[in-house]
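Sending over a structure as structure tokens; questions will come in a sec.
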Amino acid sequence: MDIGDSPEEAAFRAQARTWLEAHATRRSDASRPLPLDEHVPAALAWQAKLHKHGWAGLSWPEAFGGRGMSSVMSTIFNEEMAQFEQTLGPLTVSLGMVAPTLMAHGSPDQQRHIASMLRGEQLWCQLFSEPGAGSDLAALSTRAVLDGDTWIVNGQKVWTSLGQFAQYGILLARTNPDVPKHKGITYFIVDMADPGIEVRPLVQMTGHAHFNETFLTDVRIPAENVVGDVNDGWSVARTTLTSERSSIAGGGAGWSVETLIELAQHTGRANDPIIRQQLAQAHCRSVALTAMGYRVRTAASRKRMPGREMLTMKLAYANHWVATMETAMTLLGGNAMLAGDDAIAEERWQPAFLNQYAIRLGGGTDEVQKNIMGELGLGLPREPSTDRGIAWKDLPT
Amino acid sequence: MDIGDSPEEAAFRAQARTWLEAHATRRSDASRPLPLDEHVPAALAWQAKLHKHGWAGLSWPEAFGGRGMSSVMSTIFNEEMAQFEQTLGPLTVSLGMVAPTLMAHGSPDQQRHIASMLRGEQLWCQLFSEPGAGSDLAALSTRAVLDGDTWIVNGQKVWTSLGQFAQYGILLARTNPDVPKHKGITYFIVDMADPGIEVRPLVQMTGHAHFNETFLTDVRIPAENVVGDVNDGWSVARTTLTSERSSIAGGGAGWSVETLIELAQHTGRANDPIIRQQLAQAHCRSVALTAMGYRVRTAASRKRMPGREMLTMKLAYANHWVATMETAMTLLGGNAMLAGDDAIAEERWQPAFLNQYAIRLGGGTDEVQKNIMGELGLGLPREPSTDRGIAWKDLPT
Amino acid sequence: MNFDLSEEEQVVAELAQQLFSDLAQTERVKEVEEADGFDRDLWQALADVGLLGLCLPQSAGGSGMQMVALAQLAQAQGRHVAPVPLVASITASMAIAEHLPAEAALLTATADGSEVVTAALAEAGANNPWVPTVRATIDGESVRLVGTKPAVPALPIASHVLVSAVVDGRPALALVDTAAEGVTIEALRTTNHEPQGHLTLDTAIDVRRLVTTDGALDGLLHRVLIATSAVQLGVCEGAVAHAAAHVSTREQFGRPLSAFQAVTQRAADAYIATEALRSTVLNAAWQIDNGDDPTADVLSAAYWASEGTQKVVLAAQHLHGGLGSDVDYPVHRHFLWGMQLGGALGSATAHLARLGHHIATSAS
Amino acid sequence: MNFDLSEEEQVVAELAQQLFSDLAQTERVKEVEEADGFDRDLWQALADVGLLGLCLPQSAGGSGMQMVALAQLAQAQGRHVAPVPLVASITASMAIAEHLPAEAALLTATADGSEVVTAALAEAGANNPWVPTVRATIDGESVRLVGTKPAVPALPIASHVLVSAVVDGRPALALVDTAAEGVTIEALRTTNHEPQGHLTLDTAIDVRRLVTTDGALDGLLHRVLIATSAVQLGVCEGAVAHAAAHVSTREQFGRPLSAFQAVTQRAADAYIATEALRSTVLNAAWQIDNGDDPTADVLSAAYWASEGTQKVVLAAQHLHGGLGSDVDYPVHRHFLWGMQLGGALGSATAHLARLGHHIATSAS
């Protein structure tokens, strides 16, 4: 066991830091997140720059335009990049979910998108969730019917992150209602410019609209846009969902304890023993996340699938987020719920607090994750399912 | 709304206090619980004395030898009695569970036991739980077969509190295996002196044996000892179980916050802000329990069934117990786990801590209670049952 | 001993519930949110049935009731998340009636709905409302007030504000006309759309508007804390009801969400927290009206209100899944109210710290 | 970056697991509990395969390994709740080897199993082991030691004890022969049957047995905390495994307990707490061996060990229902060990308080 950088890793880290110092802006107290409509083009431009200088797709296979390095190297680069203002947040779906799925299941033609993503030319969104299918994603009812060599799609999707900015989407639709729910789903690539697609922003409590509802009316998708086999979309989707969980967990230690300590100092509470206790707890959670991260990365670099570690880390991360926000809200006191320009450090704490549901729900609710953990981690038998083997069309609605 | 005593209640309280001062020993720092084998006869003697002086069965109907007063009066007496060393703890099953059941379901002959209990002449125990039937009590497999006018019983029971001291037991046994599990159970009175009964103490972590295993081998029970109807024992048992829940919840505010504050002072930690925070939390829990008690008593005195209030209180009480014990263990620090004579205030904290499972499990686990609360309090539909309508003998084992 | 409501208290509870369910329906609440966050029609309706004067003396056109009755009204408001400054105006007017009986005209105006009064109690920083920072200096017939108060509820719509201040090292209450010279109000946006304002004072009032009676600030804080806790109780009830309805009807994996134990257990936890709050709020309200020293009971209820409400509204939110945060669904208002009110006069940890000091001191 | 065990560390883990599963079976553990709580056969077996000398220098017959390896051994012990004073003896002997190299004979005797050593670190009252209370006074070649130490692990069976003391206001370590004059040992009964003793000192030692090196006490405390945390990790693993087996086989209401979500969710929480402990213990062990200042990492792991282990063993206990407390079922030992070890060198809140001070100081 050796947590430190090997000499090769240390050299790479130094090289990364030097390049970043020259090409990016170091984070400071004055750093503020960009509004969404500026953040998306900025992230694409940053990705293009990374690609131009050879820092994109570090651990991706060379065949897909990557550098073929170990995943430890890309983590090192991300650790260094996290100290700068430039982020790739809006590209999470594209780089973290779509690209790995296309690498595993895409046709050669479809895989050509990967290079475009790597160059920062494409933004993708995910059209999976539906108003009637949340945790039970496979119950989805958006229909796709084959007409010659074109699929005609009708239905409604929800929680489409950045749908208003995306050029492409990955879409799950039901192509055979006469078989059990998991067996009649197909995975498509859809062009978001198709006239049948209408994206409507969902205003959240924060007043922002990160998410959208997406209405699909006679959307026409060419047959070659099916990823994997027709009716086998569920197994393709599993790759995407596993990648989603990794990117949420991999969000890193998230709210750094330093930021929380600063808030405590700023509000004059850093010496309050109760607050200090909470700061120390935050530190403990963050140490655990960091150490869990070591395990995930070690497994990944040895080509083991870090499934259990990832699940644990995702749940630990959600707990950390919620508990940290509670401390922050306590520190902000009567001012915690001031909105808009009146808020203290508004762009940081309050929306993050109100958005905690996204951490808890995204990539599967805590409850669903714990059930999976019971099976994978503890070898517990599954809860009996009441809908196994029943054709989708015969399920109660 | 009026939380205080009415003039009549205040007069009764004063009268009770005067009598107790004259006949009982006020609790002090030197007070120590008696060992079990002294506690049982002492409780019976105390009950006899209460009866002799007209303080027994205060809220029981006069027909059963009670005084027919409102339940508020008996609570007032119990509140006053709690400040004295004398307790009726070992009679909880007799007075709190068996007597109400016999009042509701017993034959006139069976109801004659009630007067004996009131006079402190009888100790009862409960023979319900089995090694193979815990939360799922109705799955019990102790069999009773009718032979002429005598039932022959064979089986094994567990968690028999004070079984080694009891003269009588209440027993659930299966009398018809060919119907669904709740429908083939009969409720019996059993004489614990029957030669077929063997009571074996269960040593717990505390080193004490409050509980027993009870083995029943060809135990002969006369037909007139059936309480209620044959095969209708489940509905009789519901009365007993509801009473059990009440007596656990009614245990009062339990570990008084004063005792915890004393421990904090004794260990020199009363000014530690973190400890003080925990003391304050304990106080808040205790205020909530006290106020919940007002609601339960008000409902009872108006002849409303305080089912939901009781459930809530039982769960709140279990939470209070566990959290209080955690604070106590923190205060005791390195000495917390010293055993026997080496323990600090051993009879108080450590066994109580180790015994927390009894609070959490007795009268139904927390999980079972919360499911009931979902139904009763929130009107949620029940979880689908996988064994409804199946004959007991056909259930998987 | 009787923990049931009296007939009079029951009438208040029913009247309030009826009024809010008629007049504070979701569509109307939304409309008001998009305007200035104060429903004047509802306010007038509350005045017309006598609920704004509920706790004022009969001489001022009131019904002379107390905290247990006010808790019923506040609870019904919370259940419907109705946008009116009930707690602020009624508790402030109770303090005025008690300590400044000469202000009869103002009291009548608050009872008939024509004027709103409020109190400025929160403090900047660690928010310890028991130790005011506004300085009051008596100079003959006049009192000079200098200082600031953050996030005062209803300030932009109030005609008068009762300001907690310190005079000669002791707490006092000063009644200030919001239109007077030297009174600066900066209106604030809050996440739950409730009107609030920062107050800056560099002004003078008549000495007859200064209350220096022992315990006056404590009494007002107790009432505000418990009336606010009662609103939170209503907020919890509403949140739990929304969540129970949602999980009973929403199906996943072929059965309603409520048929999953993980869901039931979380909903039951929310139910227990709500019941603990209900019991402690009623107890504290009664103790304020009748007890010797209600401090420990008030702080206990305030703790359950801050800590418990946060748990309950988070659970309700979580049980709604993504829908919970969509502003087109009503449950998010309960969440925002729960969060807003929880921190208003100190967090759960602040209540515990004060209570810890109180019980450790009383015990020794 | 490689968080996997090295080949050498892997060998230790496997050897330890093999030995404990062969020699520390439930029946044997019970037998030892009923005697004096020290399994001498197992101790000798550990010595024979070289595990008692695992972290001693080769000159003393040891293997010269460090905390990551010791954590493997301690974890395997915890998994089997094996009654031997491993942590006490190995960490004390590591400190002796580091600071008192002249004690070669004693080190050889600890490595070959013929003698047990321990350290007296806990303090009475609030139990702050970082500030010792035993007073050491140097008088030429001799050092006078006066004071008491509560609940010292393995004291009744130890030949020597390393006592934390204060000399001229600075912490020190003093090596004391338990048979010397002026050394009083009062053997204690503990709930988990582990031998412990109260130590009273009014004695003198040779000045060459006093360690005044800067950081010696901190170093020893770090090692004891992390080795103990590793035992707790093993205790958690064992408890979770028992609980998973129980809920998978025990049927209620026609299906295994594990098919109830309330059960699965609680078991999953225990699993997460165990994994957090695993990650932080390994991290802290590595930091002790290689880092600059391991304090924050050590305290974080100790927090997870105290707080998390208590949660895990309570959950395992609860999931066993009444059986959990029956001394004939093995899971109760995990409960008792978890509770015993959690308070040994300060509670979770004490670790947090120290950590809070440390990070607030480092940050400013």
Side-chain angles (χ1 to χ4, degrees), chain B residues 1-6 9 72 75-76 257-258 261-262 264-265 270-271 273 275-281 283-299 301-302 308-309 311-313 315-316 319 366-367 369-375 377-384, chain C residues 1-6 9 68 240-241 243-245 247-248 255-261 263-272 274-287 289-291 296-297 299-301 303-304 307 349 351-360 363-364:
Chain B
M1 195 178 121
D2 188 356
I3 296 174
D5 288 342
S6 70
E9 289 161 359
V72 171
T75 306
I76 288 176
V257 182
E258 285 68 36
I261 294 177
E262 276 164 32
Q265 286 165 341
N271 286 317
I275 295 298
R276 199 172 261 195
Q277 198 85 350
Q278 294 182 17
L279 299 179
Q281 270 171 323
H283 183 86
C284 291
R285 293 190 303 264
S286 145
V287 168
L289 281 169
T290 305
M292 285 174 181
Y294 296 145
R295 288 168 65 191
V296 170
R297 269 183 273 154
T298 299
S301 71
R302 305 264 161 135
R308 280 188 270 175
E309 289 88 345
L311 266 175
T312 314
M313 198 164 162
L315 280 161
N319 287 338
D366 286 1
E367 287 77 12
Q369 311 261 354
K370 286 187 190 172
N371 287 339
I372 299 176
M373 185 172 290
E375 283 175 53
L378 297 167
L380 302 181
R382 286 182 78 134
E383 190 180 19
Chain C
M1 216 294 304
N2 175 17
F3 210 62
D4 283 349
L5 296 180
S6 72
E9 290 154 357
V68 173
V240 169
V247 301
S248 298
R255 34 173 157 145
L257 280 177
S258 61
F260 293 91
Q261 274 197 348
V263 168
T264 320
Q265 304 267 315
R266 183 125 196 220
D269 284 337
Y271 180 81
I272 297 167
T274 306
E275 294 308 303
L277 179 54
R278 184 191 314 283
S279 302
T280 50
V281 163
L282 280 176
N283 172 59
W286 188 87
Q287 300 289 352
D289 295 343
N290 302 282
D297 291 296
L299 291 171
S300 296
Y303 164 78
W304 285 107
E307 179 74 10
T349 56
H351 299 316
L352 284 182
R354 188 166 181 85
L355 177 60
H357 180 75
H358 185 82
I359 58 177
S364 66

*Taking the side chain as every heavy atom from C-beta outward, state whether B/L311 and B/L315 have any pair of such atoms under 4.5 Å apart.*
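The answer is no, as the side chains (C-beta and beyond) never meet within the 4.5 Å cut-off.
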*Check whether B/Q281 gets within reach of chain C through its side chain, its backbone, both or neither, counting any heavy atom under 4.5 Å.*
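Both backbone and side chain of B/Q281 come within 4.5 Å of chain C.
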_Closest non-hydrogen atom pair between B/L289 and B/M313, with its separation_ =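 Scanning both residues completely, I find the closest heavy atoms to be O-CE, 3.7 Å.
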*Could you check which of C/L282, C/L299, C/D289, C/L277 has the highest count of heavy-atom pairs closer than 4.5 Å to chain B?*
C/L282
*Would you find a donor on one side and an acceptor on the other, under 3.5 Å apart, between the side chain of C/E275 and the backbone of C/I272?*
no
*Report yes if the side chains of B/M1 and C/D4 come closer than 4.5 Å at any heavy-atom pair, otherwise no.*
no
*So, does C/T280 use its side chain to make a donor-acceptor pair with the main chain of C/A301 at under 3.5 Å?*
no
*So which part of B/R302 gets closer than 4.5 Å to some heavy atom of chain C, the side chain, the backbone, both or neither?*
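Looking at B/R302, just its side chain touches chain C.
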*asked:* Taking every non-hydrogen pair under 4.5 Å, which of B/E309, B/R276, B/E9, B/R295 racks up the most with chain C?
replied: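 Of B/E309, B/R276, B/E9, B/R295, B/R295 has the most heavy-atom pairs under 4.5 Å with chain C.
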_Proximity breakdown for B/V287 and chain C, heavy-atom pairs closer than 4.5 Å_ = both
_C/Q265 portion near chain B, given a 4.5 angstrom heavy-atom threshold_ = both
*Spell out, as yes or no, whether a donor-acceptor pair under 3.5 Å connects the side chain of C/N290 to the backbone of C/W286.*
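Looks like yes, one N/O pair under 3.5 Å.
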*What residue, out of B/V72, B/L279, B/I3, B/T312, has the most heavy-atom pairs lying under 4.5 Å from chain C?*
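The option with the most such pairs is B/I3.
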*Give the member of B/H283, B/R285, B/M292, B/R297 that has the highest number of heavy-atom pairs under 4.5 Å with chain C.*
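The candidate making the most pairs under 4.5 Å is B/H283.
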